[in-house]
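Reminder, nothing fancy here: chain letters follow the sequence lines and each chain counts from 1. Please read these numbers as outputs of a predicted model, since none were measured by experiment.
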There are 2 protein chains.
Amino acid sequence: MAFDDLKHAQRERLIFLDRCLTWRGMANRRDLIARFGISSAQAALDFRLYLECSGKTPPIYDSVRKTYLAAEAHKPLAPSSLTEAFETVLNPEDDATAILPPPLRRADPSVIASLYQAMRAKQAIHVRYTSMTSGADGGQWIAPTHFTSDGESVHVRAFSYKHRQYRDYLPIRVGADSTFETRPLSEPLPWDEDWNTRARVWLRPKSGLTREQASAVRREYGFEGQLLCVETRKALEYYLDRRWGLNQNGARLERVKTDYDKLPSDCSRAAVIE
Amino acid sequence: MAFDDLKHAQRERLIFLDRCLTWRGMANRRDLIARFGISSAQAALDFRLYLECSGKTPPIYDSVRKTYLAAEAHKPLAPSSLTEAFETVLNPEDDATAILPPPLRRADPSVIASLYQAMRAKQAIHVRYTSMTSGADGGQWIAPTHFTSDGESVHVRAFSYKHRQYRDYLPIRVGADSTFETRPLSEPLPWDEDWNTRARVWLRPKSGLTREQASAVRREYGFEGQLLCVETRKALEYYLDRRWGLNQNGARLERVKTDYDKLPSDCSRAAVIE
DNA sequence: GCAATCCGTATAGTTTTTGAACGTATAATT
DNA sequence: AATTATACGTTCAAAAACTATACGGATTGC
């Protein structure tokens with residue numbers, strides 16, 4: 001089980017192999033060769049190493065089908081989601097046409113870089129920002145603290161000196177004609193309450209569904225009991241309804257309640273309770 | 001410019017470096033070392049190689065800031081989207097709490113593997129499928145042809161012998177209690193019309209927006225003229241409204257029309273037209 | 001029976017990477 | 001003003017990773 005103290009490159013290959021066996025249920029040297037451009041000899045070594053690492057449930061070579069097959073009770077070395085699996089192992093030839101194109105939001109790398117460097121250097125930066133509601137401003141000082149993602153767009157969380165509060169900014173709306181002048185913070189930034197508060201949003205199958213439908217919803221979202229709990233930062237909670245489609249007609253989940261507490265260290269994943 | 005005939009591992013490192021310089025505007029050996037676990041000497045070699053590859057606009061070492069800075073007119077070696085950039089380079093320490101948790105759909109790898117192997121072997125496979133509308137069936141033969149993604153879930157496209165047509169199946173709704181028995185195709189599968197038809201969906205800023213708002217929408221979606229064209233396979237078109245939020249209250253784009261034609265070879269990306 | 005395609009192993013040679021040394025420049029600390 | 005720390009760069013021998021090639025075994029398909 002020397003898996004963790006492998007070199008980066010070889011670990012990458014074993015992870016790929018692991019995904020092949022987990023999601024395809026089969027793997028060949030050829031897969032490694034095609035993916036990483038290594039020699040057949042090296043691929044053989046990788047296989048041998050994988051067999052060692054796989055412990056109690058090693059894949060077995062099926063000489064009839066001329067391929068390795070995952071064991072009945074195969075345990076992945078490095079668990080992955082179906083989406084990750086699709087991207088790495090299920091979509092042959094990385095066929096882009098098998099994916100519905102996402103709304104692609106352009107972004108100017110040099111604007112992002114300006115914001116990033118201000119964040120890293122803990123400086124304030126002067127930007128012109130166009131909000132959808134109030135239109136373009138004449139320029140303001142903000143102090144970026146984090147990049148975040150709501151699953152659709154990337155945001156910059158920053159303290160706004162104009163509004164005296166933390167806000168989410170869309171990089172795309174930062175004018176490329178901003179000065180991007182920077183200045184040191186005059187004083188330490190205030191505490192970001194919403195960022196450091198954990199929101200636990202409790203969901204249940206939408207009322208009105210039949211028993212069968214409700215249980216199908218539970219199966220699809222992977223919870224057994226009455227409620228599904230989604231944890232995130234309070235600062236991101238606003239985006240949850242859209243991300244999970246709760247506000248849509250065909251929604252199959254609805255909110256029950258939300259708890260807030262101080263964020264312990266770090267946690268943000270859907271958890272399954274009772 | 002020997003970028004393309006590099007070994008996989010080193011190319012990976014140069015791409016990472018490229019993203020640092022593009023989206024952070026800065027890079028250090030330390031970044032490579034932290035990410036790939038290589039030695040300082042090797043990181044120095046990678047930098048040297050990157051400088052060679054970067055042609056007319058090499059990054060410049062700023063001895064005051066003790067870091068490499070991207071050139072004014074920096075050109076990325078391997079372009080990337082903001083989302084990719086966020087995942088690789090903008091989210092420090094891969095802080096999972098900076099991402100709004102997506103609806104995570106469980107999936108049973110062994111079910112996926114059964115479907116995958118039937119697809120690869122061009123076989124039909126027997127499954128019990130539970131649709132949201134008609135409930136569980138008693139088992140049916142399907143012939144999987146592709147895995148696809150609508151950006152939310154992964155689907156299996158398959159020919160259904162029961163319905164005599166191609167359909168999209170959600171792996172999560174394939175009962176784990178299916179037999180997964182397989183059999184060779186009795187005859188070649190029929191032509192998959194919707195899969196092999198290209199849909200061009202034309203969008204424009206939602207009517208009712210002010211001139212300023214419409215132009216903000218154009219900027220955010222990266223098109224200049226009246227219309228934005230999204231290309232995809234007709235088989236995936238159904239999912240487009242949800243993926244792009246066209247059916248939502250706050251939608252800022254609306255459909256104008258859709259063209260169909262025979263799919264040439266492969267194309268599926270948002271393109272910008274007059 | 002023969003070719004093709006998987007597997008496994010082994011050896012020798014090449015390439016990549018390391019580790020350690022030594023030197024330069026700048027900024028911060030003492 | 002001297003010291004420390006952190007960046008950078010180069011060099012070189014040693015170690016590790018990987019390739020190329022060869023050989024042998026099992027199965028399938030023609």
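R233(A) places a side-chain N or O within donor-acceptor distance of the main-chain N or O of T97(B), the cut-off being under 3.5 Å.
Across the protein-nucleic acid pair, L45(B) atom CG and dC12(D) atom P stand 13 Å apart, rounded to whole Å. Regarding L49(B), its CG atom lies at a distance of 11 Å from the P atom of dT17(C), rounded to whole Å. Between the CG atom of D62(A) and the P atom of dG8(C) there is a distance of 13 Å, given to the nearest Å. The separation between D31(B) atom CG and dT6(D) atom P is 16 Å, rounded to whole Å. In this entry the distance linking CG of N28(B) with P of dG9(D) reads 10 Å, nearest Å.
Backbone-only contact: I38(B) has heavy atoms under 4.0 Å from sugar-phosphate atoms and none from a base. Y68(B) comes within 4.0 angstrom of sugar-phosphate atoms only, judged by non-hydrogen atoms across all strands, and of no base. Using a 4.0 Å heavy-atom distance criterion, R29(A) is classed as a base contact.
Taking the six-membered ring where tryptophan is involved, the planes of Y166(A) and F159(A) are perpendicular, since the angle between them exceeds 60° and thus also 30°. Ring geometry for W141(A) against H126(A) counts as perpendicular: the plane angle is over 60°, on a 0 to 90° scale with 30° as the lower cut.
Between R65(A) and D46(A), the one whose closest nucleotide on DNA chain D sits nearer the 5' end is D46(A). Along DNA chain D, the nucleotide closest to A27(B) and the one closest to K66(A) are compared, and the more 5′ of them pairs with A27(B).
Nearest to the side chain of V64(B), among dT27(D), dA27(C), dC18(D), sits dA27(C). The side chain of Q42(B) has dT18(C) as its nearest neighbour among dC7(C), dT18(C), dG9(D). Comparing dT16(C), dT27(D), dT21(D) against the side chain of A41(A) picks out dT21(D) as the nearest.
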Open item on the list: Please evaluate residues R11(A) and D4(A) with respect to the criterion salt bridge (Lys or Arg N to Asp or Glu O under 4.0 Å), reporting the C-alpha separation (whole Å), side-chain torsions for both, the decisive distance (0.1 Å), and the verdict.
Closed with: CA-CA 8 Å; R11(A) 188 165 52 238; D4(A) 283 328; 5.5 Å; no

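Phosphate proximity of dT16(C) to R13(B): absent, as no side-chain N or O sits under 4.0 Å from OP1 or OP2. Phosphate proximity of dA7(D) to R30(B): present, with a side-chain N or O under 4.0 Å from OP1 or OP2. Applying the 4.0 Å criterion to OP1 and OP2 of dT18(C), one finds that S39(B) has a side-chain N or O inside that range.
To the nearest 0.5 Å, atom CG of residue L21(A) and atom OH of residue Y50(A) are 5.0 Å apart.
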